[in-house]
Structure formats: structure tokens, C-alpha cells
Protein chains: 2
Amino acid sequence: MADLSTQRPTLADVASAAGVSVSTASLAFSGAGPIAAATRTRVLEAASSLGYSGPNPLGRQLRRGRSGIVGVVVGDSLKRAFRDPVAVQMLDGLVGTLAPLDLGVLLIAGPSDPSEPPVDPLVESAAMDVAVLLWGGTSDDPVLTALRRRGVPAVLLEGTPQPDVTVVGIDDRGGMAQVTRHLVDLGHRRIATVTLPFDRDRAEGPADAARLRSLAWEITRRRLAGVRDTGVEPTVVWETPASLVEHGAAAGRALLSAPDRPTAVVCQSDLLASGVVLAAREIGLRVPEDVSVAGFDGLDLPWLAPDVLTTVEQPLARKGETVGHAVAQIIAGERPADTELPVVLRIGTTTGPAPA
Amino acid sequence: MADLSTQRPTLADVASAAGVSVSTASLAFSGAGPIAAATRTRVLEAASSLGYSGPNPLGRQLRRGRSGIVGVVVGDSLKRAFRDPVAVQMLDGLVGTLAPLDLGVLLIAGPSDPSEPPVDPLVESAAMDVAVLLWGGTSDDPVLTALRRRGVPAVLLEGTPQPDVTVVGIDDRGGMAQVTRHLVDLGHRRIATVTLPFDRDRAEGPADAARLRSLAWEITRRRLAGVRDTGVEPTVVWETPASLVEHGAAAGRALLSAPDRPTAVVCQSDLLASGVVLAAREIGLRVPEDVSVAGFDGLDLPWLAPDVLTTVEQPLARKGETVGHAVAQIIAGERPADTELPVVLRIGTTTGPAPA
DNA sequence: GTGAAAGCGCTAACAT
DNA sequence: ATGTTAGCGCTTTCAC
């Protein structure tokens with residue numbers, strides 16, 4: 001591309017070519033101070049004749065003490081995280097909000113399994129003004145610890161409220177309670193639940209009492225609490241390694257082929273719920289006549305047709321935007337308040353009266 | 001998070017606390033020169049007692065003249081780009097290759113439609129050592145032009161070979177020819193083709209001669225050329241706005257419900273092909289008895305069961321890794337050669353003999 | 001409206 | 001093995 005043998009011109013080169021001082025040349029580009037139109041033009045012309053394409057971001061960053069970079073730590077390996085529309089839609093909202101503010105997103109992979117080092121080296125040493133943890137995890141998250149040590153402010157999605165970080169979340173506990181109550185109202189009593197991962201270990205299967213006590217991830221814990229808020233004690237709490245259709249299907253196969261199967265399955269995500277619906281079809285159970293299935297997120301899942309999932313809709317893009325605004329506030333030196341966005345129950349075709 | 005009122009310590013603070021010079025303190029962290037173990041320990045202790053968490057990346061970057069950032073321009077809005085497993089898997093391979101080299105990925109959205117500005121501001125001004133264009137587009141791509149002006153070296157995926165950029169691609173022309181020949185061998189003569197977008201306009205529908213002449217995107221052009229290499233002239237060339245199932249379905253509905261429908265449809269991606277298969281089922285056509293459908297990419301699509309797509313498998317993760325290595329070479333000052341990775345025809349259940 | 005000077009925090013020659 | 005020195009390229013007071 002550019003001729004690497006010849007040094008790129010600097011602002012000083014441009015200034016001397018235009019016969020002005022560096023500080024004036026700087027003003028010509030930044031517009032951050034008074035400058036005569038003629039001078040400005042002269043500088044810009046000198047720049048273009050030298051092939052100078054604008055101030056070197058590295059110099060600017062050091063001088064300003066800001067990188068313009070927001071590190072986004074996704075909750076999993078990218079490959080897996082991006083299979084989840086929930087993560088992608090939030091990221092899209094976030095990037096869209098950040099772009100006009102001249103802030104870029106640095107992608108940082110979260111730990112996919114416990115065998116890997118818990119913290120990506122980028123977390124330790126990459127330049128970033130703020131970090132966003134797409135999946136808040138636990139309060140003693142090693143990533144959060146590393147950021148604290150570096151003095152990098154953090155915004156958590158769905159995390160535990162903490163004095164030194166900003167948390168953006170939704171009313172998932174209330175949402176889960178609503179959808180569960182909807183099932184109870186339909187007469188369901190034997191209700192199983194399929195959850196998001198408990199921790200980095202990402203086990204798959206029914207969780208026993210000990211496992212339930214060790215539940216580390218806040219989002220999973222809150223959604224489970226929402227179910228219990230209605231007085232319902234799930235017949236089975238089925239833990240999954242990731243919010244993906246295949247894990248929902250595995251859960252569905254196990255739960256629905258057991259001897260005293262539940263009449264309803266509440267899932268902590270729509271992808272998991274879709275998997276359960278597919279499993280039910282596979283087994284030959286009718287939804288919702290034989291079994292009701294509910295999800296969480298409010299994704300658009302046309303391929304589930306003719307079924308439309310009963311779910312709790314959360315404002316995904318808005319969540320990303322809210323995070324973006326929080327980031328902007330932090331960079332402006334403010335301390336944004338924690339936010340809880342509302343959710344709304346959306347009744348589809350996958351829930352109905354409990355079988356007699 | 002960190003106490004913003006008190007200035008963060010610098011290497012100079014640590015050095016003086018440890019009673020050594022800054023350069024020695026630097027060595028203690030970088031290990032880039034000889035240093036007595038005792039001195040090193042002393043520096044590290046001073047650092048930890050001051051709450052110094054390592055050299056400020058901004059200073060290091062300016063000094064080194066490198067940011068450690070690789071800008072990745074995705075070929076669309078993030079929301080849409082990440083619905084395509086092809087992009088995600090490549091990105092995953094790329095990030096995985098870059099991480100051990102201490103390089104981070106800066107996400108840059110491509111233009112989703114012509115109404116938006118063609119170049120994200122990050123392309124113009126963000127710090128990056130190399131840029132990767134996930135979808136190479138045209139040779140006069142405005143993004144590429146901006147990068148050239150800045151002197152940022154670029155790696156293109158599936159782009160037109162050019163003297164000043166590195167292109168990593170696959171033998172898609174040959175692959176397309178192979179799969180088309182497979183259909184010809186099965187007796188098909190009326191073959192339609194469903195393509196990737198032609199350009200930023202992202203039209204949807206049959207392309208006429210004028211439109212075909214204006215085809216801008218290299219990848220689409222090459223795959224179409226592969227079909228023609230077999231001597232087959234498609235009955236219809238159907239253009240789509242993006243490689244997504246819904247656009248394949250739309251194409252399928254139109255093509256398969258037309259009066260003299262084709263006996264085979266070759267698609268430029270697996271997602272498009274899946275859409276065509278779904279449309280065929282919808283219309284009541286049997287695959288492959290009534291119509292054969294072939295894709296391209298080699299994705300794992302379990303939800304298409306019981307069908308398994310006939311497709312051309314490309315090494316997606318390896319593609320990402322290859323790009324990563326090219327990036328590393330560029331940073332090392334080398335000029336990597338263009339690469340063309342092999343593809344392999346994988347025959348599934350969606351292609352069969354032409355109906356009598 | 002323009003220029004001079006200082007310095008952001010660091011690394012890498014070079015000298016000792 | 002350690003210290004001295006010189007910037008990397010820029011923005012921002014502060015004078016004029």
C-alpha cells in the first residue's frame with residue numbers, strides 16, 4: 001500500500017510547507033480554535049500536496065489521554081457468542097451509538113471454557129477508555145478485577161450492582177414472574193425450567209441442590225428467582241452450557257421423554273425455548289396441547305412457524321444504546337446511574353391450557 | 001472505578017519509588033533487555049505498592065509507532081453481517097490468530113445501504129496498523145481508497161487482486177464449476193442461479209442484461225463465472241440483497257412457482273440455498289425429486305434435516321487464520337502473497353437426477 | 001489570529 | 001546492568 005520506505009509526513013511537515021506554526025496547522029484540522037479561512041485553506045492544500053491525511057491518531061491519543069476505544073468483552077468465544085441474536089443485536093445498538101461519538105469498539109473474546117486463561121491479554125493491556133462486559137457474570141469476575149486494577153471504568157450488562165461500575169439490565173426477574181404466572185393461570189402445576197449457564201463451567205443437565213447453591217451468574221439467578229416469585233417450584237431446573245437451539249433441544253428431549261413430564265417448560269431464552277419446541281415436535285408432542293413452552297428475549301423466529309413463541313420481550317437495541325450513552329457519560333467524566341429497562345410479556349401460540 | 005481525582009502513576013513514578021531510572025523500570029516490565037533479578041523485583045514491588053498496573057499503552061503505541069489494532073471492516077451492518085455464519089466463523093478464526101500476537105480487532109461496520117455514508121469515520125481516523133475488509137467488494141471501494149490515502153495496508157477477503165493489497169480468497173470459480181457440472185451430469189439443463197449481492201445497492205430479483213453488466217462485487221462475479229464455465233447459461237440469475245435465508249426463500253418462491261421452472265437451482269451461499277429448499281417444501285415440491293438445490297460454503301445446517309445440502313465446502317476458520325498470518329507479516333514489514341484456498345464439493349441429499 | 005513552548009508516557013540508542 | 005538522552009506526533013495553554 002503506502003510506500004513504506006519514505007516516512008509519512010507529520011503535522012510539522014505540513015506546517016512548515018504551509019509556512020505556519022504547528023499549533024496553527026493543528027487548528028486547521030481540529031477546528032478547535034480561531035483560524036483565518038485563508039490560513040486554513042493554505043494548510044489543507046499543503047497537506048494534500050504532501051499526501052498528509054490528517055493527524056496521526058497515536059499522537060493525538062497520547063496527548064489527550066484518551067484512546068477513543070471501548071473494549072467490549074463478549075461472554076463467550078466469538079463464534080458462539082455471535083450465534084446468539086441477543087448479543088448481536090445489543091452489539092449493533094452499541095456500535096451504532098458509539099460511532100457518531102467517534103468511539104470504536106475493540107472486540108475481546110470472553111473465556112469459552114475453564115481450560116482457557118480466564119482473562120484475554122487485551123483486557124490487561126489494550127488501550128481503552130471504558131470496557132463493556134456483555135455478560136456481567138459475577139461480581140468477582142477476573143475480567144472485572146483486571147479492569148479495576150488498571151483503572152478502566154466498566155459497564156456491565158446484566159450484572160450485580162456494584163459501587164464502582166455501571167449496570168444496565170432489564171427487569172428479568174419481573175418478566176420471568178409474569179410469564180410463569182401466565183402458565184399458572186393456564187392451570188399448569190408441573191413446570192420445568194431451562195436456564196442459561198450457571199458459571200464458566202457450563203454444565204449441561206438437571207441441577208441438584210448443591211449445584212443450585214453454587215449458581216454464580218447473576219442473570220441466570222435472577223431469572224430463576226422470577227419463576228420462584230410466583231410460588232412455583234420447578235420440577236426440574238435444567239442447566240445449559242450456552243443459549244443455543246441445540247442445548248434447548250437436548251433439554252427438551254430429556255425433560256419431555258421422562259416418565260412424569262412437565263406440562264410446561266419455561267426457558268430463560270428464546271433460543272433455548274425454540275430447541276424445546278423442536279424437541280417436542282420430534283417426540284410427537286403437540287405444542288401447546290400436550291406441552292406449553294415459553295421463552296425470554298422476544299426474538300423474531302420465523303423458522304419456528306407456524307408456532308409463535310410466548311416470550312418476554314426485552315428492548316435489545318435500546319439496551320445497546322443505553323450502554324452507549326453510559327459509556328459516553330463516563331468518558332465525559334460523569335458517573336451514570338444504573339438502568340433497568342422494562343420488559344413486556346408477549347403471548348404467542350406455544351402456551352395454552354394445561355392438559356386435563 | 002479508579003479514583004479519577006488522583007492521577008494514575010506513571011513509569012517515572014515507579015522508577016523513582018524503586019530508586020532506578022525510567023529505562024530500567026521499562027526493562028523490568030518489557031523484559032526487552034538485561035536486568036538484574038533483584039532490580040526487577042524491586043521495580044515490580046514499587047509498582048504494586050503504587051497501584052501501577054503496567055505501562056500505559058498510549059505512550060507505548062506512540063513510541064513504537066504501532067497501535068496493535070487491526071481494523072476489521074465487515075461487509076454490512078453488524079446486525080446483518082453477523083447473521084451470516086460465514087462472516088462469524090472467519091472473524092473467529094481471525095481473532096484467534098491475532099490474539100496471541102497481542103493484536104486486537106477494532107470492529108468497523110460496512111455500509112448497509114447506499115443512503116448511508118459509504119465510509120465509517122473510523123476508517124478515516126481510527127488508529128490501526130492494518131485493515132481487513134471482510135468482503136473485498138470492488139477495486140475502487142471507497143473504504144479502500146480512504147485506507148490508501150492514510151497509508152494503512154489492507155487485506156481483502158475475496159477481492160480483486162491489486163498491487164498494493166493482499167487478497168485472501170478461495171477457488172470459488174472452480175468450486176462453482178464443479179457443483180454445476182455435478183448437476184449437468186445428473187441431467188439438468190434448466191438451471192437457475194441465486195447470487196450474492198451485486199453491489200451496495202442490494203437489489204432483489206432477476207437480473208437483466210444491463211444489471212449483469214454492472215455487477216460490481218468480485219465474489220459474486222466469480223461465482224457466476226464458475227457456473228458459465230461449464231457451458232451452462234442460467235435460465236434466471238436471481239440477485240439477492242444479502243446472504244440470508246429469507247432472501248433465498250423469496251428467490252425460491254419466485255423461481256419455483258414460475259411456469260417453466262428450473263429443475264435445479266445453484267446458489268452462491270448455503271444460507272440462500274436453505275431458503276430455496278424451504279420455499280420448495282412450502283410450494284410442495286420434493287427435493288431433489290422435483291428440483292435439485294445446491295449451495296456454497298459448507299455450513300453445518302442441522303435444522304434443514306432431513307435434508308443435507310449439496311454444497312462446496314470452503315475452509316472458513318482457515319481463511320480467518322490465513323488473514324491473521326497475512327496481517328502479522330504486514331506488521332513485520334513483509335508483503336504477503338495473495339492466497340487462494342482450495343474448496344471441495346460435498347454431495348448431500350438435495351441434488352438428484354433431473355426429472356424426466 | 002498566530003506562534004512558542006511544554007509535555008502526554010513511553011522505549012530504544014547509546015554511553016557508562 | 002544501569003543511566004542519560006532523545007524523541008514518537010500531537011494538542012493546548014499562554015503570550016503576543
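First the proteins, then the strands, lettered A, B, ... as listed; each starts at 1. No experiment lies behind these values; they were computed from the predicted model shown. Just the heavy atoms: all of them, side chains too, but no hydrogens, waters or symmetry mates, feed the values below.
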Is A:V327 close to A:L98 at the side-chain level, that is, under 4.5 Å between some pair of heavy atoms?
-> yes
Whole angstrom is fine here: how far is it from CZ in A:F29 over to P in D:dT11?
-> 10 Å
Please list residues of residues 33-46 of chain B whose heavy atoms come under 4.0 Å from any atom in DNA chain C, ordered by number; otherwise none.
-> none
Should B:T24 be listed as having a side-chain N or O under 4.0 Å from OP1 or OP2 of D:dT2?
-> no
Using five base pairs at each end, measure the axis-to-axis angle across the helix from C:dG1-D:dC16 to C:dT16-D:dA1 and round it to 10 degrees.
-> 30°
Is A:K79 atom NZ crowded by more than 12 heavy atoms from other residues, nucleotides or ligands, each under 6.0 Å away?
-> no
In this structure, CD1 of B:I219 is separated from CH2 of B:W135 (nearest 0.5 Å) by 6.0 Å
Under 3.5 Å, side chain of B:R8 to main-chain N/O of A:R150, donor-acceptor pair present?
-> yes
Atom CZ of A:R40: over 12 foreign heavy atoms under 6.0 Å | no
Restricting to pairs with a member in residues 16-26 of chain B, which pass side chain to side chain donor-acceptor pair (under 3.5 Å), not counting sequence neighbours?
-> B:S21-B:S23, B:S21-B:T24
By salt bridge (Lys or Arg N to Asp or Glu O under 4.0 Å), A:R80 pairs with (sequence neighbours left out) A:D76
A:V74 and its side-chain contact (heavy atoms from CB on, under 4.5 Å) partner, picked from A:I108, A:D120, A:L107, A:L133 = A:L107
So do the side chains of A:Q61 and A:R66 get within less than 4.5 Å of each other, counting heavy atoms only?
-> no
5' to 3', nucleotides 7-16 of chain C under a 4.0 Å protein heavy-atom cut-off (B base, S sugar-phosphate only, - none) gives BBBBBB----
By side-chain hydrogen bond (donor to acceptor under 3.5 Å, both in side chains), which residues pair with A:Q162, not counting sequence neighbours?
-> A:R148
